[in-house]
Amino acid sequence: MLCWIFAGFTCTGSEHAATSTLPAAFTDLLPHFLVEPEDEYIVKNKPVTLTCRSTPATQIYFKCNGEWVHQDDHLIERTIDPATALPIMQVKIDITRQQVEKVFGLDEYWCQCVAWSTTGTQKSQKAFIRIAYLRKNFEEEPQGKEVTLDQEVLLRCHPPEGVPPPEVEWQRNEDVLDPASDPNFFVTADHNLIIKQARLADTGNYTCAAKNIVARRKSPSATVVVYVNGGWSTWTTWSSCSAVCGRGWQKRSRSCTNPTPLNGGTSCEGQNVQKSACVATCPVDGGWSEWSKWSACGADCSMWRSRECTQPAPSTGGKDCQGLDLQSLNCTSLECPQSESPPLSTHGDVALYVGMVAVALCLTLLLIVVVLVYRRRKEGLDADVADSSILTTGFQPMGIKPTKPENSHLLTIQPDLTSTSTSYQGTLRSRHDTVGKFSMANGPLLDPLPNGSHTLHNGKLGADPGEFVSRLTAQGYFKTLPRDVDNTSYGTFNFLGGRLTLPNTGISLLIPPEAIPRGKIYEIYLTVQRKEDIRLPLAGCQTLLSPVVSCGPPGVVLTRPVILSMDHCSDACPENWAVRLKKQNYEGTWEDVLLMGEEHPSDPYYCQLEAETCRVFSEQMGRFALVGESLHMGAAKRLRLVLFSDAYCTTLEYNIRVYCMDDTQDVFKEVMQMERQLGGRLIDEPHLLLFKDSYHNLRLSIHDMPQAHWRSKLLAGYQEIPFYHIWNGSQRYLHCTFTLERLSLATCQLSCQLCVWQVEGEGQSFGLDFNIAKVTPPALAPTQPKGWAHTALAGPSAFQIPYLIRQKICSSLDTPCPNGADWRMLAQRLKLDRHMSFFASNVSPTSVILDLWEAQHFHSGNINQLATVMADIGKQEAMIFLVSDGEC
């Protein structure tokens with residue numbers, strides 16, 4: 001029991017450590033606190049100590065939550081203030097976690113101390129004691145963001161609940177952010193982080209960290225990506241014109257570097273290359289004007305005349321005129337002012353007559369020589385016809401006539417070759433100029449081949465095809481012809497025409513009836529050149545779209561155009577291309593002979609471009625190729641992707657060969673023949689890929705292999721074929737080899753994905769799944785008929801429409817009809833009306849339409865459908881087509 005002290009009297013009984021007797025001089029002073037208890041936090045189970053110091057004081061006790069603390073829990077210290085000699089009393093108590101936890105409800109645990117003196121009492125401030133903690137989970141965590149450069153970024157953070165309230169700091173990549181040193185950062189009162197203007201350096205992982213006296217917590221990292229969208233640089237200057245003279249193309253480029261896209265920013269939209277048509281000024285060579293009149297005879301017995309290099313004057317680098325611009329001549333004796341000799345008219349007349357006689361003799365001799373040379377060459381050309389009776393005994397076709405089960409009766413009507421009255425009306429074209437043709441007797445272009453190579457012996461060919469090729473390559477112009485007889489076809493033809501084909505290449509030559517003049521027999525060949533053997537000059541954005549095909553001999557006289565058919569690999573969008581037909585002249589130079597869309601009726605060439613085939617009408621034989629120049633980056637070539645592998649595999653390594661080639665049948669045939677020799681096998685169907693003129697390379701890669709059984713031995717993740725090797729290269733085909741390795745010889749099943757794409761463009765993915773141990777035969781080349789008889793057809797067997805019926809159709813439809821029931825309606829019904837102007841330029845438009853129909857439908861044509869078209873037009877002559885097999 002506490003005893004209270006009054007008026008300086010001390011309670012006797014039990015001794016109290018917190019009481020003392022004050023000197024009489026200080027009995028009238030109230031105690032004041034030198035140290036008051038302060039708020040404390042209990043961390044885990046560690047107690048806290050409250051301290052109270054007062055002077056002058058006789059007693060000090062703590063009261064917690066309204067209850068006095070037991071006197072035994074007080075720790076007392078007494079000292080004397082040296083300055084005032086007043087006693088100083090200090091009391092401490094410890095508060096445990098258990099004491100605080102006993103307090104329930106909303107009230108907090110508090111303590112205060114009470115000090116006594118003889119005069120009265122004083123109470124200190126309340127000190128609150130709380131249990132410190134920090135929860136684990138953030139109430140709001142920062143979220144990652146992707147922002148553009150200079151954009152404001154707000155990262156929110158609501159730290160976990162804790163006592164005392166936690167302090168918050170922000171970290172970037174584990175480094176503490178200090179807004180004081182970097183004013184671009186600002187932390188709000190509610191602990192959110194603001195990045196005022198995002199910089200590239202601000203990209204990183206941001207963490208909100210909360211800490212108090214108990215613990216430290218970190219939020220999950222929020223990734224902030226500051227990206228940069230790409231921007232175009234300025235255009236470069238235009239390049240020089242691709243053409244030295246005339247129409248060409250120039251380009252300029254820009255790069256996506258202003259700025260360069262970073263951190264996933266979008267690439268620039270639009271084209272990085274622009275093309276524009278240009279016209280290069282052609283050099284003009286100088287030309288002489290007419291000579292001026294002779295000047296009067298001068299004192300030196302000479303007269304002068306001059307001319308100028310002004311018609312035209314040389315310009316833009318053209319050559320100057322060659323020769324003299326001033327010419328002098330001695331005057332006659334009569335005109336010379338210095339001459340004093342008498343005139344000799346008699347001697348002058350004699351000299352004049354002698355000169356005239358000499359000139360006449362020279363001209364006569366020259367005429368005789370020309371006639372002899374002409375007759376010799378004519379005899380050499382006429383010797384091509386070995387036996388004129390061949391025209392009356394029925395022309396023997398060189399090839400085996402294909403069977404036509406549906407229309408076999410049509411060939412029962414044979415042309416009457418014995419009658420001289422049978423003629424084809426309108427065989428000569430209106431624009432045809434015989435003088436402009438290459439004469440068989442002029443120049444070295446068509447010298448007779450050795451051993452009578454133009455002669456038809458008994459209406460049949462020689463037995464050895466190689467002999468024919470050897471004879472052709474012996475000539476100067478034919479030295480570049482391939483000696484591969486598989487890619488060459490030849491035959492002997494007369495005015496009935498015929499057809500040459502190269503099997504499985506899509507290449508054929510149709511020689512219409514009456515194209516060869518009557519009385520002439522030509523030995524004609526058709527061959528496809530290897531791309532690497534013929535170096536075709538390509539400039540700028542040009543690319544080869546077709547095989548290089550030769551037919552000849554060049555220089556033969558034709559009265560009607562032949563039709564050369566060959567595959568092409570363009571995307572068949574005319575607005576994307578400037579397509580040119582090139583022909584090699586006799587000096588070996590390639591010339592543009594036709595620009596698609598700009599044909600002229602007087603041109604000896606015409607070209608029909610179908611979806612996959614090109615048909616060339618030509619009045620001259622020669623070497624041809626189709627070249628395309630892309631007008632913009634949307635132009636695309638069709639590529640064929642073909643996959644081969646080893647037919648038999650006994651090792652751990654396994655190779656997959658991916659061929660990239662032009663989508664033409666001749667290249668595919670060549671690759672198949674080569675793989676057959678290598679013992680490869682085709683492991684998937686060919687795939688089509690559009691390769692655009694975007695200057696980007698082609699990439700190939702293999703993915704999704706079962707890692708437990710297979711692995712790739714390539715060091716890189718993909719293989720790449722350069723753009724210019726595909727677009728401008730001279731190789732007919734390119735290929736990549738993927739070398740794989742199986743981890744066990746027992747592994748036989750392979751499944752993977754082949755990805756093919758053009759850089760920064762769309763791609764394709766092909767799934768492969770096959771058994772490498774399955775016994776399969778090697779890759780077979782496309783089948784072709786044995787022998788050459790099937791590649792050349794002469795006479796009626798080469799055509800669907802019999803000769804006499806063809807003549808009747810032409811005579812019926814060539815004459816214009818007021819109601820339009822003529823050749824124009826035939827072209828419309830056959831969907832050939834886009835070539836009306838070309839058909840109209842011919843003397844017999846119907847014959848050209850039928851020639852084109854024959855070229856398109858030789859293997860698939862239904863002659864009854866043609867008869868139906870004729871019946872719809874209203875021509876009764878067509879009824880002959882509908883004769884049934886029984887009636888025949």
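Keep in mind that the numbers below use all heavy atoms, side chains included, and drop hydrogens, waters and symmetry copies. Along the sequence shown, residues are numbered consecutively beginning with 1.
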Pair Thr739-Glu653, side-chain donor/acceptor within less than 3.5 Å: no
Assess the cysteine pair Cys736 / Cys660: is their SG-SG separation shorter than 2.5 Å?
no
Applying ring-ring contact (aromatic ring centres under 6.0 Å, His included) to His735 and not counting sequence neighbours gives Tyr659
Hits for disulfide bond (SG atoms under 2.5 Å apart) against Cys208, two or more places apart or cross-chain, chain-then-number order -> Cys157
Heavy-atom side-chain contact between Met596 and Pro574 under 4.5 Å:
no
Show the numbers, then the answer: is there a side-chain hydrogen bond (donor to acceptor under 3.5 Å, both in side chains) between Gln584 and Arg623? CA-CA 6 Å; Gln584 191 177 31; Arg623 182 170 294 149; 2.6 Å; yes
Across all chains, not counting sequence neighbours, the side-chain hydrogen bond (donor to acceptor under 3.5 Å, both in side chains) partners of Asp567 are Gln665
- Task: Could you tell me whether the side chains of Tyr525 and Thr488 share a donor-acceptor contact shorter than 3.5 Å?
- Result: no
Distance col, row Ile702:CD1 vs Ile656:CD1, nearest 0.5 angstrom, shows 4.5 Å
message = With heavy-atom distances below 4.5 Å as the criterion, would you say the side chains of Leu155 and Trp170 are in contact?
response = yes
Across all chains, not counting sequence neighbours, the side-chain hydrogen bond (donor to acceptor under 3.5 Å, both in side chains) partners of Glu140 are none
d(Leu526 CG, Thr791 OG1) to nearest 0.5 Å is 9.0 Å
d(Ser546 OG, Phe624 CZ) to nearest 0.5 Å is 11.0 Å
Less than 3.5 Å apart, any donor N or O on the side chain of Asp693 or Ser630 sitting next to an acceptor on the other?
yes
For residues 148-157, the side-chain hydrogen bond (donor to acceptor under 3.5 Å, both in side chains) pairs (sequence neighbours left out) are Thr148-Gln151
Check: Between Gln758 and Lys692, is there a donor-acceptor pair closer than 3.5 Å when you use the side chain of the first and the backbone of the second?
Finding: yes
*asked:* Check this for me: Lys211, atom NZ, are more than 12 non-hydrogen atoms of other residues, nucleotides or ligands nearer than 6.0 Å?
replied: no
- Assess whether side chain to side chain contact (heavy atoms under 4.5 Å, CB included) is satisfied between Leu538 and Trp727, documenting all intermediate values. CA-CA 10 Å; Leu538 300 175; Trp727 199 264; over 6 Å; no
One should read off an interatomic distance between Trp710 CH2 and Leu743 CG, to the nearest 0.5 angstrom, of 9.0 Å
**Message:** Check this for me: does any side-chain nitrogen of one of Asp202 and Arg199 sit under 4.0 Å from a carboxylate oxygen of the other?
**Reply:** yes
_Could you go through Ser253 and Asn272, starting from their C-alpha distance and side-chain angles, then the distance that decides it, and tell me whether this counts as side chain to side chain contact (heavy atoms under 4.5 Å, CB included)?_
CA-CA 5 Å; Ser253 61; Asn272 63 341; 5.8 Å; no
Please assess Asp684 against Leu768 for the test side chain to side chain contact (heavy atoms under 4.5 Å, CB included), listing each intermediate value before the final yes or no. CA-CA 7 Å; Asp684 197 13; Leu768 303 178; 3.6 Å; yes
Do Ser233 and Arg254 pass the side-chain hydrogen bond (donor to acceptor under 3.5 Å, both in side chains) test, and can you show the C-alpha distance, the side-chain angles, and the key distance before you say yes or no? CA-CA 6 Å; Ser233 65; Arg254 58 180 177 175; over 6 Å; no
Applying disulfide bond (SG atoms under 2.5 Å apart) to Cys752 and not counting sequence neighbours gives none
May I ask you to decide if Trp757's main-chain N or O and His696's side chain share a donor-acceptor pair within less than 3.5 Å? no
Open item on the list: Keeping Asn487 on the side-chain end and Val528 on the backbone end, is there a donor-acceptor pair under 3.5 Å?
Closed with: no
Distance col, row His158:NE2 vs His191:NE2, nearest 0.5 angstrom, shows 7.0 Å
Which of Asp662, Asp663, Asp571 passes salt bridge (Lys or Arg N to Asp or Glu O under 4.0 Å) with Arg638? It is Asp663
So, Lys136 side chain and Pro160 main chain: donor-acceptor pair closer than 3.5 Å or not? no
- Message: Main chain of Glu675, side chain of Arg681: is a donor-acceptor contact present, judged purely on distance under 3.5 Å?
- Response: no
*asked:* For Leu149 and Val226: C-alpha separation, side-chain torsions, deciding distance, then whether side chain to side chain contact (heavy atoms under 4.5 Å, CB included) applies.
replied: CA-CA 6 Å; Leu149 197 67; Val226 181; 3.9 Å; yes
- Task: Look at the side chain of Gln719 and the backbone N and O of Thr737, then say whether any donor-acceptor pair between them is shorter than 3.5 Å.
- Result: yes
Just checking, any donor-acceptor pair under 3.5 angstrom between side chains of Ser765 and Gln753?
yes
CE of Met661 to CG of Leu689, rounded to nearest 0.5 Å, is 12.5 Å
- Item | Polar contact flag, side-chain donor to acceptor under 3.5 angstrom, Thr664-Asp666 | yes
According to the interplanar angle, ranging from 0 to 90°, do the rings of Tyr695 and Phe723 count as parallel (below 30°), tilted (30 to 60°) or perpendicular (above 60°)?
tilted
| query | Can you check whether Asn576 reaches Leu631 side chain to side chain, under 4.5 Å on heavy atoms? | reply | no
Side chains of Gln749 and Asp769: any donor to acceptor distance under 3.5 Å? yes
Donor-acceptor pair, side chain of Ser242 and main chain of Gly248, under 3.5 angstrom = no
Taking the side chain from Arg742 and the backbone from Thr747, do they hold a donor-acceptor pair closer than 3.5 Å? yes
Please answer whether the main-chain N or O of Pro537 pairs with a side-chain N or O of Lys582 as donor and acceptor at a distance below 3.5 Å. no
I'd like to know if the side chain of Glu720 reaches the main chain of Arg699, judged simply by a donor and an acceptor atom lying under 3.5 Å from each other, with no hydrogens or angles considered. no
